Amino acid sequence: MANFPTLKTGAVAQYPADRGVQFSTQVYRFLDGSEQRFPAYGAPLRRWAIRLDLLDEAEMSALGDFFVGQEGRSGTFAFTDPWDGTVYPNCSFESDTLAMEFKGPQDGAIETIVRENR
């Protein structure tokens, strides 16, 4: 299993970074107006918005190669939550495109969203 690459500093994300938790509830409404609710999946799903700035060429290359190796959102990898250090073993990219911008030496930027799979 592949691991999401870390920067030279050992971090997987930089601030400002966002994370979210998604719950799924199925609701059935009956003709009498009553409802029945139940979870579609047992545990919440997590998402992380990763924004990286001031990357050098090696860091950008490593992240770009990792994205290509995962074939965008079709691959799975382990991701370490930057807030609490928990490793989530079944994650993937949310998109098939990776936003990369190279402005000059030591000045690259990447944005992506990592999501937990079920």
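Here the structure is a predicted model, which is why all the values come from computation and not from measurement.
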Point to revise | Any residue meeting side chain to side chain donor-acceptor pair (under 3.5 Å) with Ser34, in chain and number order, not counting sequence neighbours | key: Asp32
Review point. With sequence neighbours left out, what residues match Arg115 under salt bridge (charged side-chain N to carboxylate O under 4.0 Å, His left out)?
Key: none
Check your understanding: How close do Pro5 and Ala62 get, heavy atom to heavy atom, and via which atoms?
Key -> CG-O, 4.4 Å
**Study point:** Pairs involving residues 85-98, ordered by first then second residue, that meet salt bridge (Lys or Arg N to Asp or Glu O under 4.0 Å) (sequence neighbours left out)
**Key:** Arg47-Glu94, Arg73-Asp96
Exercise for review: Name all residues meeting the ring pair (Phe, Tyr, Trp, His ring centres under 6.0 Å) criterion together with Phe67; count only those two or more places apart in sequence or in a different chain, and write none if there are none.
Suggested key: Phe93
Point to revise | All side-chain contact (heavy atoms from CB on, under 4.5 Å) counterparts of Tyr28, not counting sequence neighbours | key: Phe30, Phe38
Point to revise | Closest approach of Ala2 to Phe66 (non-hydrogen atoms, all atoms of both residues) | key: CB-CE1, 3.8 Å
Review point. What's the spacing between Phe102 CZ and Ser61 OG if we round to 0.5 Å?
Key: 11.0 Å
Exercise for review: Output every pair passing salt bridge (Lys or Arg N to Asp or Glu O under 4.0 Å) with a member in residues 55-67, not counting sequence neighbours, ordered by first then second residue.
Suggested key: Lys8-Asp56
Check your understanding: Rounded to the nearest 0.5 Å, how far does CD of Gln70 lie from SG of Cys91?
Key -> 10.5 Å
Practice item. Work out which heavy atom in Met60 is nearest to a heavy atom in Glu101; give both atom names and the distance. Key: CE-O, 3.8 Å
Study note, to complete from the structure: Value for OG (Ser95) from CD1 (Ile113), rounded to nearest 0.5 Å, stands at 8.0 Å
Revision key, fill the gap. For Asp53, the side chain to side chain donor-acceptor pair (under 3.5 Å) test, sequence neighbours excluded, returns none
Review point. Quick one: side chain to side chain donor-acceptor pair (under 3.5 Å) partners of Glu35, sequence neighbours excluded?
Key: Arg29, Arg37
Revision key, fill the gap. side-chain hydrogen bond (donor to acceptor under 3.5 Å, both in side chains) pairs touching residues 75-85, sequence neighbours excluded, are Arg19-Asp81, Trp48-Asp81, Asp84-Thr86
Review point. Would you say Leu45 and Val21 make side-chain contact, with heavy atoms under 4.5 Å?
Key: no
**Study point:** Considering all heavy atoms, the nearest Pro44-Arg46 contact
**Key:** O-NH1, 3.4 Å
**Study point:** Pairwise side-chain contact, Leu52 with Thr112, heavy-atom cut-off 4.5 Å (strictly under)
**Key:** no
Review point. Side chains of Phe4 and Leu63: closer than 4.5 Å at any heavy-atom pair?
Key: yes
Revision key, fill the gap. Of all heavy-atom pairs linking Ser92 and Gly75, the shortest is CB-O, 3.0 Å
Exercise for review: Compare all side-chain heavy atoms of Ile50 with those of Phe79 and state whether any distance is below 4.5 angstrom.
Suggested key: yes
**Study point:** Ala78: partners by side-chain contact (heavy atoms from CB on, under 4.5 Å), with sequence neighbours left out
**Key:** Met1, Asn3, Val87
